[in-house]
Amino acid sequence: GRLVLPGMNRTLTCLDAATGATLWQTTIDGGAVSSPIVSGGVIYLAAGFPSKDVLALSLLNGTPIWTATLETISYSSPALDSGLLVVGSTGGRFYGLSAASGAEVWSVATGGNVFASSAATGGGRAFLLPGEGHDQIYARTLATGATEWTQTVANPAGAPAWGSIRASSPVVAGSRVLHTAGDRNGGDYVLFARDVAPPGALDWTYVIGGTDPVSGVTAPPACSPTHV
């Protein structure tokens with residue numbers, strides 16, 4: 001097996017998973033801060049600041065396969081499903097790119113900063129949660145980017161109203177999409193569980209607890225078939 005490590009020093013390094021030995025290292029145009037994904041012998045990642053590129057490289061030797069340039073920088077990890085790569089950018093937009101060529105299949109404006117929020121996919125849908133001040137979650141048809149449903153993320157207690165949303169990346173678990181969210185200015189953070197099917201009804205919430213503006217729970221939940 002192989003491990004792929006992006007570095008803020010604009011390098012991408014591949015290690016032998018058994019020994020930790022360096023197999024190869026290459027230079028990229030940005031300091032990547034998100035996780036790459038690997039599928040079919042190909043590495044996909046957002047290059048990070050100052051580059052606006054999403055990259056596909058060979059797992060074997062790091063050779064570039066294709067480069068797609070977005071309108072703004074991406075810090076989010078791409079999601080891969082059914083030959084489509086879904087990635088967000090800081091300009092408040094998500095893109096569906098061909099995993100084979102990097103060609104843009106669709107793009108949708110969601111608002112929000114999309115600083116590090118990654119899309120989740122499942123059941124032919126892409127779930128987009130921009131966060132960083134934006135209070136909506138979207139379900140889009142994976143193949144086309146068409147809207148299936150949109151729901152507002154808000155304090156389930158009603159008050160106090162959240163002034164500026166901070167949210168995790170969504171996670172698909174069976175028939176539900178889950179994420180955490182809260183007010184970036186402080187207060188309780190909450191775990192949300194919604195139906196993946198329209199209209200994205202809220203199934204349940206769980207109050208994680210009070211946090212300060214810096215230490216809000218923005219990591220996505222981990223799910224097993226029966227537990228979160």
When Leu12, Thr63, Val4, Val42 are each screened for side-chain contact (heavy atoms from CB on, under 4.5 Å) with Leu57, the one that passes is Leu12
Thr141 side chain vs Thr144 backbone, donor-acceptor pair below 3.5 Å
no
Residues Ile28 and Ala47: closest non-hydrogen pair is CD1-O, 4.3 Å
Donor-acceptor pair, distance only, cut-off 3.5 Å: does the side chain of Ser74 make one with the backbone of Ala46? no
Heavy-atom donor-acceptor pair, Trp66 side chain to Val54 backbone, under 3.5 Å: no
I'd like to know if the side chain of Tyr44 reaches the main chain of Pro78, judged simply by a donor and an acceptor atom lying under 3.5 Å from each other, with no hydrogens or angles considered.
no
TODO: Examine distances only and state if a side-chain atom of Asp195 and a backbone atom of Ala197 form a donor-acceptor pair shorter than 3.5 Å.
DONE: no
Correct closest heavy-atom pair for Gly145 and Val108 would be O-CG1, 3.6 Å
### Query
Backbone N or O of Ser118 within a donor-acceptor pair of the Ser169 side chain at under 3.5 Å?
yes
His179 side chain vs Leu129 backbone, donor-acceptor pair below 3.5 Å: no
For Val114 and Gly88, the nearest pair of non-hydrogen atoms, with its separation, is CG1-CA, 3.7 Å
The reported gap from CG in Leu191 to OG1 in Thr205 (rounded to nearest 0.5 angstrom) is 8.5 Å
TODO: Show your working on side chain to side chain donor-acceptor pair (under 3.5 Å) between Asp81 and Thr121 and close with a plain yes or no.
DONE: CA-CA 7 Å; Asp81 192 335; Thr121 61; 3.0 Å; yes
For this session: List the steps, then state whether side-chain contact (heavy atoms from CB on, under 4.5 Å) holds for Tyr95 with Ser107.
Result: CA-CA 4 Å; Tyr95 296 82; Ser107 71; 3.6 Å; yes
Rounded to the nearest 0.5 angstrom, the OG1-CD distance for Thr152 and Gln136 is 4.5 Å
Residues Ser58 and Ile65: closest non-hydrogen pair is N-CD1, 3.7 Å
According to a hydrophobic-cluster definition based on side-chain heavy atoms being under 4.5 Å apart (Ile, Leu, Val, Met, Phe, Trp, Tyr only), do Leu55 and Ile43 belong together? yes
So CZ of Arg93 and CG of Leu128: to nearest 0.5 Å the spacing works out to 12.0 Å
Starting from the C-alpha separation in whole Å, work towards a yes-or-no answer on side-chain contact (heavy atoms from CB on, under 4.5 Å) for Leu202 and Phe192. CA-CA 7 Å; Leu202 184 63; Phe192 292 80; 3.8 Å; yes
Asn9 meets the side chain to side chain donor-acceptor pair (under 3.5 Å) criterion, sequence neighbours left out, with Thr11
Under 3.5 Å, which donor-acceptor pairs link side chains of residues 220-228 to any protein atom two or more places apart or in another chain?
from   : atom 1 : to     : atom 2 : distance (Å)
Ser224 : OG     : Thr226 : N      : 3.3
Ser224 : OG     : His227 : N      : 3.0

Legend entry - Main-chain N/O of Pro198 paired with Glu148 side-chain donor or acceptor, under 3.5 Å: no
Rounded to the nearest 0.5 Å, the CG atom of Asn155 sits from the CG atom of Asp183 at a distance of 8.5 Å
Separation between CD1 (Ile137) and CD1 (Ile165), nearest 0.5 Å, reads 11.5 Å
So CG of Asp53 and OG1 of Thr69: to nearest 0.5 Å the spacing works out to 4.0 Å
Taking the side chain as every heavy atom from C-beta outward, state whether Arg194 and Trp149 have any atom pair closer than 4.5 Å.
yes
- Query: Looking at side-chain heavy atoms only, is the closest gap between Pro170 and Ser117 below 4.5 Å?
  - Reply: yes
Residues Val153 and Trp162: closest non-hydrogen pair is CG1-CZ3, 4.2 Å
For a 4.5 angstrom cut-off between non-hydrogen side-chain atoms, does Leu97 reach Glu104? yes
Hits for salt bridge (Lys or Arg N to Asp or Glu O under 4.0 Å) against Arg140, two or more places apart or cross-chain, chain-then-number order -> none
- Query: Counting only N and O atoms by type, is there a donor-acceptor contact under 3.5 Å from the side chain of Trp24 to the main-chain atoms of Leu59?
  - Reply: yes
Subject >> Derivation of the side-chain contact (heavy atoms from CB on, under 4.5 Å) call for Leu178 and Phe127 >> reply: CA-CA 10 Å; Leu178 300 100; Phe127 300 92; over 6 Å; no
Do Thr180 and Ser168 get their side chains close enough for a donor-acceptor pair, meaning under 3.5 Å? yes
Can a donor-acceptor pair be found, under 3.5 Å and without considering hydrogens, that links the side chain of Trp106 to the backbone of Phe94? no
Smallest heavy-atom separation, Asp29 atom then Arg10 atom, equals O-NH1, 3.8 Å
